[in-house]
Protein chains: 2
Amino acid sequence: MTLTSEKLTNNQKTVLDLLEKSKEPLKAYAILFDIQKKGIKAPLQVYRALDKLIEIGKVHKIESKNSYIACEHKNCDSSTSTSFLICETCDQVTELKKKNLSEYFAKQSVQANFKYAKHNLEIYGVCKDCKNKK
Amino acid sequence: MTLTSEKLTNNQKTVLDLLEKSKEPLKAYAILFDIQKKGIKAPLQVYRALDKLIEIGKVHKIESKNSYIACEHKNCDSSTSTSFLICETCDQVTELKKKNLSEYFAKQSVQANFKYAKHNLEIYGVCKDCKNKK
DNA sequence: ATATGATATGTTATATTATAACACTTTTTA
DNA sequence: TAAAAAGTGTTATAATATAACATATCATAT
């Protein structure tokens, strides 16, 4: 079974649906709170669903915010590397397509005699919308 | 008073000393455990020292590991942006000098109509030493 | 169709990481 | 040397995440 046709379980679907509807990244306990009406009662149920969704690349974790976000890319093969633009004003997150970034980091790593495997990049600043509002 | 001549308090010195001696990043509670003999008894004492050390750029946090590392650079002005090479085999961390990286990210951000402010970059892979051991 | 192995679930308990609140002390500076 | 700013010590608690275990469901190879 390919990644993209991966069948999700009910819990996984519930968590992914919520994340896909959300405009900002969500914390695990915020997810839990939101989906308690759907029968999910314990943190572990959320974390397990998140683990799986991350593994198949449907969700990414934003480490510096302990938050989770649905992947914007169709057929994202990236269960590992992630690159984000995070607006400090409105908390919106944009995921960067990562091919050129991975290549750039691999090159940078070579200079340090380091074998690149994957990366997390979190860029903070002001997004388009918030720039315009000022 | 300039950043580099900043005078540290006893707690701050104790925490920084430990981090500077360590070859790997340390977690806050590992720091606490190690320095209890020096009279530091509570997590908050560690976190407060870390906060200050991070603020003045002497220590950085590695977000994906909830760990802290002393800055390798003299007069590091970077209390904000950080870039690391993290060895998945031995956990050693190398801090990348960030000037060209910041410039690169600022450029990449412009393409998304995003105003770059700072970044965290965590590159995972295999370090020089571990590559050679294989 | 069914045994079996892999994966997921529900649940309770607990581990790990981090901060709030408050009274007090030390340092800096005007 | 008083006032402001920064740091300390302490207790309690919040926020984030995992362990352990019994049970259930699904995939698939005979």
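Here is the naming used below: chain letters follow the sequence lines, and residue numbers restart at 1 for every chain. The figures that follow rest on heavy atoms only: side chains count, while hydrogens, waters and symmetry mates do not.
- Using a distance-only test at 3.5 Å, with no hydrogens or angles considered, no donor-acceptor pair links the side chain of A:S67 to the main chain of A:I62.
- Panel note: side chain A:T82, backbone A:N120; no donor-acceptor pair is recorded below 3.5 Å.
- Counting to the nearest Å, the P atom of D:dT8 and the NZ atom of B:K13 are 11 Å from each other.
- Within the structure, every side-chain polar atom (N or O) of B:N10 is placed at least 4.0 Å from both OP1 and OP2 of D:dT8.
- Distance B:E63 CD to D:dA17 C1': 16 Å, rounded to the nearest Å.
- Atoms CG (A:L8) and C1' (C:dT9) sit 15 Å apart, rounded to a whole Å.
- Note on A:E103 versus A:K99: salt bridge recorded, some NZ/NE/NH1/NH2 to OD/OE distance being below 4.0 Å.
- Checking side-chain atoms of B:Q111 against main-chain N and O of B:Q108 turns up no donor-acceptor pair under 3.5 Å.
- A sub-4.0 Å separation between OP1 or OP2 of C:dT17 and a side-chain N or O of B:Y68 is absent.
- Residue A:Y47 places none of its side-chain N or O atoms closer than 4.0 Å to OP1 or OP2 of D:dA15.
- Shortest non-hydrogen contact noted between B:Y116 and B:A106 is CB-CA, 3.7 Å.
- With distances taken from any side-chain atom of B:K52 to the nucleotides D:dG7, C:dA8, D:dT16, the minimum falls on D:dG7.
- Counting to the nearest Å, the C1' atom of D:dT8 and the CG atom of B:L50 are 15 Å from each other.
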Between N or O atoms, less than 3.5 Å apart, protein on one side and nucleotides 23-26 of chain C on the other: list the pairs.
none

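- Side-chain contact, B:S64 with B:Y124: a donor N or O sits under 3.5 Å from an acceptor N or O.
- Taking atom CG on A:D51 and atom C1' on C:dT7, their separation rounds to 13 Å, with Å as the unit.
- Residues from residues 25-45 of chain A placing a heavy atom under 4.0 Å of any atom in DNA chain C, listed by number, are A:K41, A:A42, A:L44, A:Q45.
- Residue B:N11 places at least one side-chain N or O under 4.0 Å from the OP1 or OP2 atom of D:dG9.
- The side chain of A:N66 lies closest to D:dA17 when the candidates are D:dA17, C:dT9, C:dC22.
- To the nearest angstrom, C1' of C:dA18 lies 18 Å from CD1 of B:I62.
- The distance from atom CZ of A:R48 to atom P of D:dT23 is 15 Å, rounded to the nearest whole Å.
- No salt bridge links B:K65 with B:E63; every basic N to acidic carboxylate O contact stays at or beyond 4.0 Å.
- Residue pairs meeting the side chain to side chain donor-acceptor pair (under 3.5 Å) criterion with at least one partner in residues 10-34 of chain B, sequence neighbours excluded, are B:T9-B:Q12.
- Exactly one residue among A:H119, A:E122, A:E95, A:K97 makes a side chain to side chain donor-acceptor pair (under 3.5 Å) with A:S83. That residue is A:H119.
- Note that SG of B:C71 is 8.0 Å distant from NZ of B:K58, once rounded to the nearest 0.5 Å.
- One finds no side-chain N or O of B:T9 lying less than 4.0 angstrom from the OP1 or OP2 phosphate oxygen of D:dA6.
- At C:dA18, one or more side-chain N or O atoms of B:K61 fall inside 4.0 Å of OP1 or OP2 (strictly under the cut-off).
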